[in-house]
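Just the heavy atoms: all of them, side chains too, but no hydrogens, waters or symmetry mates, feed the values below.
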Amino acid sequence: MLMPHPATLRRLVEEYESLVAHEGEQSDPHTVRRAQDLAYTLCVSTGTRDIRQALEAARGQLAAAQATATAELCGKRVILLSETDSHASRASGYAALHEH
């Protein structure tokens, strides 16, 4: 699955949450339509079908991107949950090949 750039994903989440927070104040059809468009885009971007799942997935992707960026600044490799072996505590891939 293609992953959206973290900056794009962050902007989508922030704009969606801002519109939803003010939706009660503004029942403008344009605002409602924009919120629907953002919800759809977030679902497509995260491979989900429900906006709650999309927001959860987006937050997870943003957290992982932040952790990776921080680790790269510190010169360390990050092992994501998707890279771990579910049958053992060892990491798969590069980390497993280079264990001491």
Side-chain angles (χ1 to χ4, degrees):
M1 178 172 87
L2 292 175
M3 302 286 284
H5 190 276
T8 301
L9 192 57
R10 184 174 295 106
R11 183 187 57 77
L12 290 169
V13 169
E14 288 172 356
E15 187 178 352
Y16 177 80
E17 289 176 337
S18 176
L19 285 176
V20 170
H22 300 301
E23 195 173 290
E25 300 168 10
Q26 312 166 356
S27 50
D28 172 29
H30 176 71
T31 302
V32 171
R33 179 66 183 158
R34 180 65 182 150
Q36 291 171 342
D37 288 346
L38 287 164
Y40 174 81
T41 302
L42 281 163
C43 287
V44 170
S45 298
T46 58
T48 60
R49 293 178 178 240
D50 177 79
I51 188 58
R52 290 175 298 235
Q53 293 172 341
L55 290 170
E56 184 178 319
R59 289 184 187 111
Q61 290 176 21
L62 291 170
Q66 181 63 46
T68 300
T70 301
E72 287 174 356
L73 287 173
C74 296
K76 298 179 181 178
R77 184 178 184 280
V78 174
I79 300 172
L80 301 175
L81 292 177
S82 61
E83 296 178 14
T84 59
D85 184 354
S86 61
H87 300 293
S89 61
R90 294 176 20 160
S92 63
Y94 178 85
L97 293 173
H98 293 88
E99 288 181 349
H100 292 82

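- Listed by chain and residue number, Asp50 satisfy the salt bridge (Lys or Arg N to Asp or Glu O under 4.0 Å) test with Arg52 (two or more places apart in sequence, or in another chain).
- Distance CG/Leu55 to CD1/Ile51: 4.0 Å, rounded to 0.5 Å.
- Residue pairs meeting the salt bridge (Lys or Arg N to Asp or Glu O under 4.0 Å) criterion with at least one partner in residues 60-70, sequence neighbours excluded, are absent.
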Return all side-chain donor-acceptor pairs below 3.5 angstrom for residues 8-16, not counting sequence neighbours, or 'none' if the list is empty.
from  : atom 1 : to    : atom 2 : distance (Å)
Glu15 : OE1    : Arg34 : NH2    : 3.1
Glu15 : OE2    : Arg34 : NE     : 2.8
Glu15 : OE2    : Arg34 : NH2    : 3.2

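- With contacts defined as side-chain heavy-atom distances shorter than 4.5 Å, the pair Pro4/Gln61 qualifies.
- Other residues, nucleotides and ligands place no more than 12 heavy atoms under 6.0 Å from the CD atom of Glu56.
- Contact record, Thr46 with Ala58: CG2-N, 3.9 Å, taken as the closest heavy-atom pair.
- With rounding to the nearest 0.5 Å, the separation of CG in Leu38 from CZ in Arg33 is 10.5 Å.
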